[in-house]
Amino acid sequence: MIILGIETSCDETCISIYDNKKGIIINEIYSQSHIHCKYGGVVPNIASENHTFKIISLIKKVIKKTKIKINKINLIGFTAGPGLSSSLLIGSTTANVLSLIYNIPCVPINHIEGHVMSIMLSKKKPSFPFLTLITSGANTILLIVKNFNKYKILGSSLDDSAGETFDKIGNILKLKYPSGNKIEKLAKYGKNNLNFPKPIIKNKNNFNFSFSGLKTHIINIINKKKINKQFKYDIAYSLQETITDILITKSINAANKYNINNISIVGGVSSNKKLRKKFINLVKKKKNIYYPDKKLCTDNAAMIAYTCYIKYITKNIKYSNLNIKVKPSWNINELF
């Protein structure tokens with residue numbers, strides 16, 4: 001089977017083709033970060049306009065590069081939510097129009113489930129059951145993947161996500177959006193001389209996350225001091241250490257409680273080198289740690305195409321039937 005994946009949940013236009021025998025054939029991503037960085041975050045109407053300008057040319061580019069004619073595609077998977085409604089509508093409309101013109105079945109896919117399944121596209125993949133930490137720009141979620149389409153939500157962010165916290169503090173430090181990788185670079189020169197709070201970390205049975213208090217605490221510190229290079233380095237170092245400690249502690253506590261040996265970390269923040277290194281060092285062969293390839297950590301259409309394929313083979317599929325409606329707040333709990 002050949003599946004076309006379309007991902008437009010936020011500010012990246014992503015098109016991919018997945019072959020169930022050959023794997024990922026192509027995975028193209030057009031990022032708008034160079035546009036939104038001047039605003040300090042994603043501007044929804046600008047994001048949707050750029051999706052409109054880019055999506056058809058990107059599909060044509062993919063078709064030309066792979067030499068796979070569109071009438072040879074068996075399924076189209078598109079992100080229907082969660083995300084920005086105006087951005088989601090561009091991908092949904094494009095997928096449904098292609099479905100109508102070429103008579104190809106079209107499937108709405110949950111963006112979060114796509115991230116969960118992204119680990120299965122890597123060379124090293126976990127066996128079921130496994131624990132997944134989803135940590136991206138808009139989401140921080142901890143869940144157990146019992147099998148395909150079978151999940152148990154353990155906890156999620158009660159306010160800001162880890163990715164949002166990196167971006168908001170980065171904005172205050174006058175770093176260009178997105179700030180995660182820039183904070184990681186600055187942290188290399190920082191010192192561990194700041195003691196940031198770690199909300200709801202002491203309760204080993206509470207798997208929710210809260211980063212708004214941490215964000216406020218850091219903002220208050222920044223407002224009281226004059227920002228110089230070393231101060232930026234120290235803030236970046238302590239912020240990275242604090243967030244990675246929270247993510248790791250929660251994940252290991254959950255894995256221990258539910259007696260799970262396999263842990264996958266997915267989403268944009270999972271590409272953070274410090275997070276990866278600390279995870280591996282802390283578990284010390286007691287747990288197996290899995291990360292997607294770095295190109296699959298951020299938003300991409302390969303994970304959408306693959307999830308679409310899984311939905312098909314497990315017969316847990318709902319076709320769009322030219323339904324261009326999207327679900328900006330589509331909770332992964334609604335999948336089961």
Side-chain angles (χ1 to χ4, degrees), residues 1-10 12-31 51 54-83 87-88 90-99 101-123 125 134 136 145 148-149 264 266-268 292-320 326-327 330 332 335:
M1 290 194 72
I2 299 174
I3 300 94
L4 174 70
I6 299 175
E7 154 63 30
T8 61
S9 64
C10 192
E12 290 170 321
T13 312
C14 312
I15 305 296
S16 180
I17 292 179
Y18 174 79
D19 185 310
N20 71 309
K21 290 183 178 179
K22 299 178 182 178
I24 300 171
I25 303 298
I26 192 168
N27 190 30
E28 290 286 330
I29 300 172
Y30 169 72
S31 174
H51 284 309
K54 200 69 184 178
I55 193 164
I56 298 302
S57 62
L58 202 57
I59 291 172
K60 286 181 178 179
K61 180 182 177 182
V62 163
I63 296 299
K64 187 177 179 180
K65 269 189 174 183
T66 60
K67 297 181 181 179
I68 296 174
K69 293 181 179 179
I70 200 158
N71 59 5
K72 296 295 181 182
I73 292 169
N74 304 109
L75 280 173
I76 300 172
F78 68 94
T79 302
S87 291
L88 291 166
I90 305 303
S92 174
T93 303
T94 303
N96 279 277
V97 168
L98 290 174
S99 173
I101 294 172
Y102 296 101
N103 194 29
I104 303 170
C106 184
V107 184
I109 300 297
N110 182 287
H111 177 79
I112 303 301
E113 188 175 21
H115 274 303
V116 174
M117 288 291 102
S118 67
I119 195 66
M120 306 307 284
L121 288 165
S122 298
K123 291 179 181 178
K125 60 193 75 171
I134 306 161
S136 62
V145 184
F148 293 124
N149 310 308
S264 74
V266 301
D293 298 337
K294 288 203 172 183
K295 288 184 179 179
L296 299 174
C297 289
T298 55
D299 292 352
N300 66 89
M303 67 184 191
I304 302 302
Y306 177 77
T307 305
C308 179
Y309 170 67
I310 292 301
K311 294 289 183 188
Y312 179 81
I313 63 172
T314 58
K315 298 181 180 179
N316 186 32
I317 198 163
K318 292 182 180 179
Y319 296 106
S320 177
V326 293
K327 299 179 180 180
W330 191 4
I332 195 170
L335 295 175

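Below, all heavy atoms of this structure are taken into account, side chains as well, without hydrogens, waters or symmetry copies. This is a predicted model, so every value here is computed, not measured.
Put simply, CG on D19 and CD1 on I3 are 7.5 Å apart, with the number rounded to the nearest 0.5 Å. Note: L121 CG to T307 OG1 = 7.5 Å, rounded to the nearest 0.5 Å. With rounding to the nearest 0.5 Å, the separation of CD1 in I15 from NZ in K65 is 13.0 Å. M303 contributes atom CE, which lies 14.5 Å from atom CD1 of I310 (distance to the nearest 0.5 angstrom). To the nearest 0.5 Å, atoms OG1 (T93) and CZ (F78) are separated by 9.0 Å. Considering CG of L98 and CD1 of I104, their distance stands at 7.0 Å, rounded to 0.5 Å.
N96 contributes no side-chain N or O that, together with a main-chain N or O of S99, makes up a donor-acceptor pair within less than 3.5 Å. With hydrogens and angles ignored, the 3.5 Å screen pairs a side-chain donor or acceptor of S87 with a backbone N or O of C10. The backbone N or O of K54 sits less than 3.5 Å from a side-chain atom of S57, completing a donor-acceptor pair. Using modelled atom types, no side-chain atom of D293 and backbone atom of K295 make a donor-acceptor pair closer than 3.5 Å. Listed for the N74 side chain is a donor-acceptor partner under 3.5 Å among the backbone atoms of I2. S92 places no side-chain N or O within donor-acceptor distance of the main-chain N or O of A80, the cut-off being under 3.5 Å. Between the side chain of E7 and the main chain of S9, a donor-acceptor pair closer than 3.5 Å is present.
The nearest pair of heavy atoms linking I24 to N27 is CG2-CB, 4.0 Å. Closest approach of I55 and G91 over heavy atoms only: CD1-CA, 4.1 Å. Residues I134 and H115 approach most closely at CG2-CB, 4.3 Å, considering heavy atoms. Contact detail for V266 and S118: the closest heavy-atom pair is CG1-OG, 3.7 Å.
You'll find the side chain of I76 stays beyond 4.5 Å of the side chain of P105, heavy atoms only. Counting heavy atoms from C-beta outward, Y309 and L75 have side chains that stay 4.5 Å or more apart. T79 places none of its side-chain heavy atoms less than 4.5 Å from the side chain of T8. Contact annotation: the side chain of M117 approaches that of F148 to within less than 4.5 Å [non-hydrogen atoms, C-beta and beyond]. Residues I29 and T13 fail the side-chain proximity criterion, which asks for heavy atoms closer than 4.5 Å.
The local environment of NZ in K294 is crowded, with over 12 non-hydrogen atoms from other residues, nucleotides or ligands closer than 6.0 Å. Annotation: K125, atom NZ; neighbour count of heavy atoms from other residues, nucleotides and ligands within 6.0 Å is above 12. Applying the 6.0 Å contact sphere to CG of N103 captures no more than 12 heavy atoms from other residues, nucleotides or ligands.
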Could you go step by step and tell me if I68 and I25 meet the side chain to side chain contact (heavy atoms under 4.5 Å, CB included) rule? CA-CA 10 Å; I68 296 174; I25 303 298; 4.2 Å; yes
Show your reasoning for whether side chain to side chain contact (heavy atoms under 4.5 Å, CB included) applies to Y102 and V97. CA-CA 9 Å; Y102 296 101; V97 168; over 6 Å; no
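Taking the six-membered ring for Trp and thresholds of 30 and 60 degrees, Y18 and Y306 have ring planes more than 60 degrees apart, a perpendicular arrangement.
A salt bridge links E113 and K311; the closest N-O separation between the charged side-chain nitrogens and carboxylate oxygens is under 4.0 Å.
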